[in-house]
Participant: 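Got a structure for you, written out below as structure tokens; questions coming shortly.
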Amino acid sequence: MDKSKKYCVTSALPYANGALHLGHLAGAYLPADIYVRYLRGLGADVIFICGSDEHGAAITIRAKKDGISPREIIDKYHALNKATFEQLGISFDHYDRTSAPLHHETAQAFFKKLIDKGGELEERLSEQYFDEEYQQFLADRYIMGECPNCANPEAYGDQCERCGTTLSPLELKNPKSMLSGATPILKETSHWYFRLDKHGDWLREWIKTGVLDGQQHHDPKAWKNHVVGQCLSWLDDGDGLQPRSITRDLDWGIPVPMPGAEGKVLYVWFDAPIGYISSTKQWAADNGKNWEDYWKGDPDKLQLVHFIGKDNIVFHCIVFPAMLKAHGDYALPVNVPANQFLNFEGRKFSKSKGWGIEQHEYLEEFADFPNKEDALRWALIRNLPENKDADFKWDEFVDFYDKDLADKLGNFINRVITLTNSYYGGIATASSATVPDNIKGLVESLCEDIEAYNLKAAASTLVEIASWGNQYLQDTAPWAIRKTDPDSPVIALCISTSLQLVNLLAVLCEPFIPFTSLKIRNLLNLPAVKTGELGEVIAKLKNGEALLPAGHQVGQPEILFAKINDRNDKSRLEIIERQKAKLEAILAAEQQSNPEGAGNSTIQQYSPMKDEIQYDDFAKMDIRTATITAAERIPKADKLLKLTVDLGFEQRTVASGIAEQFTPEEVVGKQVLLLANLAPRKIRGVESQGMILMAEDGEGKLSFVQAGEAFGPGLGVK
RNA sequence: GGCGAGGUAGCUCAGCUGGUUAGAGCGUGCGAUUCAUAAUCGCAAGGUCGGGAGUUCAAGUCUCCCUCUCGCUACCA
């Protein structure tokens, strides 16, 4: 930490069309909060910025589906997410929203600056789907059709939510407008593109070496492996960076500030990161500060840090930095400590399958659980997906709570407060007590770990300090000395030294479990840990000064963490058991509807009926019985088999996308149906002369379609 | 197929630029202790560091090949 620097820490702006689950919390919000609280503890000049991302077609679609206005959607989720963060102690200095007028102005000014500068944006004509009935262009999200990848009939124009593939509207089969339900037509429209392609070279150097404009901007080794790896993979991929469209035909969002651009708005990913800037502006206006201090000026004095999940790496490490650089006035992030994903009891979080728990749900269902906020924070901290995907389990939640918080930390503090009260009436007596030297090293490494974003390691060190305290008490055993020599100074020194540790723990744990920190300070009869206090404590440690003066009166002992596994009180365990029971019910329901365990879906999905055709359309197809006589894999293609098919009167070669489900061996000898008069086409170097007919279920599982045994090859199908 | 990230004790993970008998927590076994929330403290067992080859005096750590998991991406008439 450098006191002369301005720290601007951001967490990914949550999208305001739904609630956030524990994975989000562990990915972008909790780590940032710990980092920021730590910096505040050191007295750094730091602001913690976030807000709701409220534009984009997903919100207007959601609104349409629910029969309410987009405004109602964003108001609901903005309020929910903001309140939930507050309850969990995520200590944003400012939580804004991108629907705010100040944000609209800021984003428009940003856009205009790029226009005026020239060379960064360009207008291009392209063909887009257009709904004739509604007389408007369709945003990607307003087009639904069959996913070319997994055949999900309800894929959106930008992404298939079943298989996760990124799509463009033109790739969808049987596209349908979500406004009128009709098949849209292609029509020419113009959009602005950001010339990302011009920024590849300096981005590569910046990410690889940390050098920007000939100056060392940051230490590339301080960035996480997977972050740098993914960025370089993107930069070096194929043709490199491509210009990106930054406007959309939509009536919800920030109007493009150009003449003749009616009906067009800034694409949500362009305006969203600018939200970090506008949110800072609002904070500054509210607090009499200058927002530019945190975004502009000497790059050596600015520490911009983005906390995000790994799905956001490309935007925050490539696109947004390119935007900032193109604009020219802004400093770039010195680190983007992206976390990987958190799974839930062995699977991905899935709202539709009911797998996982959202933040606000947790708060509701754990309403009667004492320390629910810190309990959750701690369970997530101990299991952060810092460098690889992690898994949240209720059993571990219990373990971390009982072992770390109750047995080690809570019990140590309880022991010390109890001893102080019963031996000395709650007054620390030894004046020479200080924090032992070996603890200083632990404090140092705890700080180093936080500054390196190794928060899991830092949390372990915190527990280690409490453990050291337990060990110290055990070894010194003042209760044993007291039997023979009740006035021994060793007893007083032991108790007073332990009290030093308790206060140290209260200060050190504040970034991680702030609610508990406050409770410990109450036990010590001290006010809440204040800004800059961690710095003072570290200075005192260096000088060998006491953290708690002799003669200080502490409060009465009180249980900080009642264990979950408590034989006298099952209430906490029951709350956990309820959660586990919910998951088992989901698994049981799946087992019942799908005894073979082929998949997790409980509902068969049927693809929508296609448009009506005439008999002639059908009669044009020459479908015949056939037998597969040979099969081999096509190199460099995961899904393709090269099949030789016998039609009786001739042999055909067919490339078929079935290799993920069938091996060449099991396919040979199969009776199939072949669409025989399909125009030949070259696929991966193989001339495919026809198409094998397959049936497909809602999950993309394939099955051969065939005639009866007695029918040989080459016979017609009608 | 290409790219990226991972594969280290039963479980969850540390191991920086290669260097003495590979670490921690949880779990397990044994012992100590009673100030404390059936808590605590100590000791012990447990690993061919995914597999194979190579470089080196020396490799979990570097190179190559293979394999499995996760993510992105290409092929799907």
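Letters go in sequence order (proteins before strands), and every chain restarts at 1. Just so we're clear, the structure is a prediction, and the values are computed from it rather than from any experiment.
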Participant: Quick one: look up who B:rC30 pairs with, Watson-Crick or G-U, both distances under 3.5 Å, and put none if it's unpaired.
Facilitator: B:rG42
Participant: Would you indicate which nucleotide in B:rC41, B:rU37, B:rC13 comes nearest to any side-chain atom of A:Ser467?
Facilitator: B:rC41
Participant: In this structure, how many angstroms lie between the P atom of B:rG10 and the CG atom of A:Asp395, rounded?
Facilitator: 19 Å
Participant: Using a 4.0 Å heavy-atom cut-off, does A:Lys483 contact any base of the nucleic acid, only the sugar-phosphate backbone, or nothing at all?
Facilitator: sugar-phosphate
Participant: Assign A:Asp638 to base, sugar-phosphate, or nothing according to its heavy-atom contacts below 4.0 angstrom with the strands shown.
Facilitator: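 If one applies the 4.0 Å heavy-atom cut-off, A:Asp638 turns out to touch a base.
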Participant: Could you state the atom-to-atom distance from CZ of A:Phe341 to C1' of B:rG71 in whole Å?
Facilitator: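 A:Phe341 atom CZ is separated from B:rG71 atom C1' by 8 Å.
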Participant: Applying the Watson-Crick and G-U wobble criteria at under 3.5 Å, what pairs with B:rU69? Answer none if nothing qualifies.
Facilitator: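 Checking every strand shown, B:rU69 finds its partner in B:rA5, with both distances under 3.5 Å.
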Participant: Under 6.0 Å from the CD atom of A:Glu558, do we count more than 12 heavy atoms belonging to anything else shown?
Facilitator: no
Participant: Which nucleotide in the list B:rU37, B:rG6, B:rG25 gets nearest to the side chain of A:Lys388?
Facilitator: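 Nearest listed nucleotide: B:rG6.
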Participant: When we call it a touch if two heavy atoms are under 4.0 Å apart, what does A:Gln340 touch: a base, just sugar-phosphate, or nothing?
Facilitator: sugar-phosphate
Participant: Answer with base, sugar-phosphate or nothing: what part of the nucleic acid does A:Leu560 contact at a heavy-atom distance below 4.0 Å?
Facilitator: base
Participant: What's A:Lys221 touching, base or sugar-phosphate or nothing? Going by heavy atoms closer than 4.0 Å.
Facilitator: nothing
Participant: Regarding B:rC35, can its base be found pairing with the side chain of A:Arg415 as donor and acceptor, where the two atoms are less than 3.5 Å apart?
Facilitator: yes
Participant: Verify whether the ring centers belonging to A:Trp269 and A:Phe315 lie closer than 6.0 Å.
Facilitator: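 That pair passes the under 6.0 Å test.
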Participant: Looking across every strand, which nucleic acid part, if any, lies under 4.0 Å from A:Lys563 by heavy atom: base, sugar-phosphate, or nothing?
Facilitator: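 Result for A:Lys563 = base.
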Participant: For B:rA58 and B:rA24, measure between their P atoms and round to the nearest Å.
Facilitator: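 To the nearest whole Å, 28 Å.
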Participant: When the distance from CZ of A:Arg347 to P of B:rG71 is rounded to whole Å, what number comes out?
Facilitator: 14 Å
Participant: Give the ring-plane orientation class for A:Trp394 versus A:Phe397, where under 30° counts as parallel, over 60° as perpendicular and anything between as tilted.
Facilitator: perpendicular
Participant: NA contact type, A:Ile683, heavy-atom cut-off 4.0 Å: base, sugar-phosphate, or nothing?
Facilitator: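 Sugar-phosphate, no base atom in range.
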Participant: Taking the side chain of A:Asn387 as heavy atoms from C-beta outward, which of B:rC26, B:rC41, B:rA14 is closest to it?
Facilitator: B:rA14
Participant: Verify the contact: side-chain N or O of A:Lys682 to OP1 or OP2 of B:rC75, cut-off strictly under 4.0 Å; return yes or no.
Facilitator: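 Answer is no, no contact under 4.0 Å.
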Participant: Give A:Ser656 one of three labels, base, sugar-phosphate or nothing, depending on what nucleic acid heavy atoms sit under 4.0 Å from its own.
Facilitator: sugar-phosphate
Participant: Do A:Phe662 and A:Phe704 make the cut of ring centroids closer than 6.0 angstrom?
Facilitator: yes
Participant: Once you apply a heavy-atom cut-off of 4.0 Å, does A:Ala655 come out as touching a base, just sugar-phosphate, or nothing?
Facilitator: sugar-phosphate
Participant: Which sits closer to the 5' end of RNA chain B, A:Trp468 or A:Leu473, going by the nucleotide each is nearest to?
Facilitator: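 Final value for this comparison: A:Leu473.
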Participant: Please compare A:Gln689 and A:Arg633 by the position of their nearest nucleotide in RNA chain B and report the one closer to 5'.
Facilitator: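 Whichever sits nearer the 5' end wins; that is A:Arg633.
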Participant: Please verify the inter-ring angle class for A:Phe392 with A:Phe344; under 30° counts as parallel, over 60° as perpendicular, anything in between as tilted.
Facilitator: parallel
Participant: Between A:Gln471 and B:rG42, is there a contact of a side-chain N or O with OP1 or OP2 at under 4.0 Å?
Facilitator: yes
Participant: P atom, B:rA9 versus B:rG50: distance in rounded Å?
Facilitator: 8 Å
Participant: Quick one: A:Asn225 CG to B:rG6 P, roughly how many Å, whole number?
Facilitator: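 Taking CG of A:Asn225 and P of B:rG6, I get 5 Å after rounding.
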Participant: How would you label the contact of A:Glu660 with the nucleic acid (heavy atoms, under 4.0 Å): base, sugar-phosphate, or nothing?
Facilitator: nothing
Participant: Is the distance from OP1 or OP2 of B:rG71 to the nearest side-chain N or O of A:Lys348 less than 4.0 Å?
Facilitator: yes
Participant: Out of B:rC76, B:rC35, B:rU12, which nucleotide sits closest to the side chain of A:Leu640?
Facilitator: B:rC76
Participant: Under 3.5 Å, is there an N or O donor on one side and an acceptor on the other linking the side chain of A:Asn411 and the base of B:rA36?
Facilitator: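 Indeed, a donor on one side and an acceptor on the other fall under 3.5 Å apart.
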Participant: Looking at every strand, decide which applies to A:Lys642 at a 4.0 Å heavy-atom threshold: base, sugar-phosphate, or nothing.
Facilitator: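 It contacts nothing in the nucleic acid.
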Participant: Please report the C-alpha distance between A:Asn454 and A:Glu386 in whole Å, then the side-chain angles of each, then the deciding distance to 0.1 Å, and finally whether the side-chain hydrogen bond (donor to acceptor under 3.5 Å, both in side chains) criterion is met.
Facilitator: CA-CA 8 Å; A:Asn454 295 325; A:Glu386 287 178 331; over 6 Å; no
Participant: In terms of side-chain heavy atoms of A:His226, which of B:rC41, B:rA5, B:rG27 is nearest?
Facilitator: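 When the side chain of A:His226 is considered, B:rA5 is the closest of B:rC41, B:rA5, B:rG27.
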Participant: Among the candidates B:rC76, B:rU12, B:rU33, find the nucleotide nearest to the side-chain atoms of A:Gln474.
Facilitator: B:rU33
Participant: Nearest to the side chain of A:Lys310 - B:rC70, B:rG4, B:rU37?
Facilitator: B:rC70
Participant: So A:His21 and A:Phe349, would you call those rings parallel, tilted or perpendicular, with 30° and 60° as cut-offs?
Facilitator: parallel
